[in-house]
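Both counts, for ligands and for their atoms, begin at 1 and track the order of listing. Only a predicted model underlies this, so the values are computations on that prediction, with no experimental measurement involved.
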Amino acid sequence: MTVDAVHVASGKVREIYALGEDTLALVASDRISTFDVVLATQIPDKGRVLTGLSAFWFARTREIVPNHLLEIREDGRTMVCQRLEMLPIECVVRGYLAGSGWSDYRRTGSVCGHGLPAGLEESARLPEPIFTPATKATEGHDLNIDEEEAERLCGTERFLTAKQASLALYRFASAHAEARGIILADTKFELGVDPEGTVVLADEALTPDSSRFWPADSYQPGRPQPSFDKQYVRDWCEATGWDKASPGPELPDDVVAGTRARYVEAFERLTEIPFADYLARPGVVL
Ligand code: Q0Z
């Protein structure tokens, strides 16, 4: 007897269901989080934009590393995936100095054991992309670790494969994005291992929820950069005087529309596929 769609996990804006022993459904909702709070107001089609983008990248990076995607459902927000044994680290790659990378650099001059040149500014482009693994925190934020610790957690062979795959994926995607006016400042991959022992790219990949996307035309190091997708929401929320405690404010229609337009713009710039075509036939990204 088969039992379908058993809920197995919730993220802030996504759900995972087990479809059987070996397959999962990852469903991306239209929820949005800002300042770590999931807002009551949804952004229509946000889950479809993220699912379509992930699938686009999976289809174009299969020669770099195999991935877990089996099928994209007609709803445009569900990926059917191969169930894997997940590596116990987040595989982060940074090409620019932002977030915890910038904090760690300011404090110590290093990020995850990578000594960096002195005098770098906030949001500076790094001399070359660096692999900056983190542990998966069950609650709160991930903790940056050095490569030695990541290697101990994964085992040497899996660690080295995951690191090389992550750096190669970042190099491919950041060049693609930069040519289309989007800076991929950093990104987080989750990798797993299949029953044959092959390291496989999983989860979502190279979306604005797992990466920092910055508009290239306004890039200016020395300050934080505006987020390509979420800046309208953040600015509007800040202007209300909200104290960043849950629940957040409800978004007005114009902020919802402006935010949806930015997600759709990111999709169309990166994929060169009209988003309406994706809605009509999600398989167009594959
Ligand atoms: C992904 C996550 C989400 C909450 C587990 N192919 C896979 N095999 C085994 N496990 C996973 C995957 Cl993708 C897996 N996550 C992250 C995703 C909601 C947490 F949609 N957790």
Run the side-chain contact (heavy atoms from CB on, under 4.5 Å) test against Ala55 and tell me which residues pass, sequence neighbours left out. Leu69, Ile72, Val285, Leu286
Applying salt bridge (Lys or Arg N to Asp or Glu O under 4.0 Å) to Arg106 and not counting sequence neighbours gives none
Look at [atom] and say which protein heavy atom is nearest, naming residue and atom and giving the distance to 0.1 Å.
atom	value
atom 4 (C) of ligand 1	Gly11 N, 3.3 Å
atom 16 (C) of ligand 1	Asp203 OD1, 3.2 Å
atom 9 (C) of ligand 1	Leu84 O, 3.2 Å
atom 7 (C) of ligand 1	Leu24 CD1, 3.5 Å
atom 10 (N) of ligand 1	Met86 CG, 3.4 Å
atom 2 (C) of ligand 1	Ile16 CD1, 3.6 Å

Backbone, side chain, both or neither: what part of [X] comes under 4.0 angstrom of ligand 1, heavy atoms only?
X	value
Ser10	backbone
His68	side chain
Glu15	backbone

Under 6.0 Å between ring centres: does that hold for [X] and [Y]?
X	Y	value
His114	Tyr105	no
Tyr96	Tyr219	yes
His68	Phe58	yes

Nearest heavy atom to atom 20 (F) of ligand 1: which of Glu190, Met79, Arg14, Lys12 does it belong to? Arg14
Inspect the contact between Asp209 and Lys12 and indicate whether a charged nitrogen and a carboxylate oxygen are less than 4.0 angstrom apart. no
Is a salt bridge present between Glu178 and Arg125, judged by a nitrogen-to-oxygen distance below 4.0 Å? yes
If we number the atoms of ligand 1 from 1 as shown, the ones under 4.0 Å from a heavy atom of Arg83 are 8 (N)
Shortest non-hydrogen contact between Gly47 and Arg77, atoms and distance: CA-NH1, 3.8 Å
For ligand 1, is there an N or O atom under 3.5 Å from any N or O atom of Gln82? yes
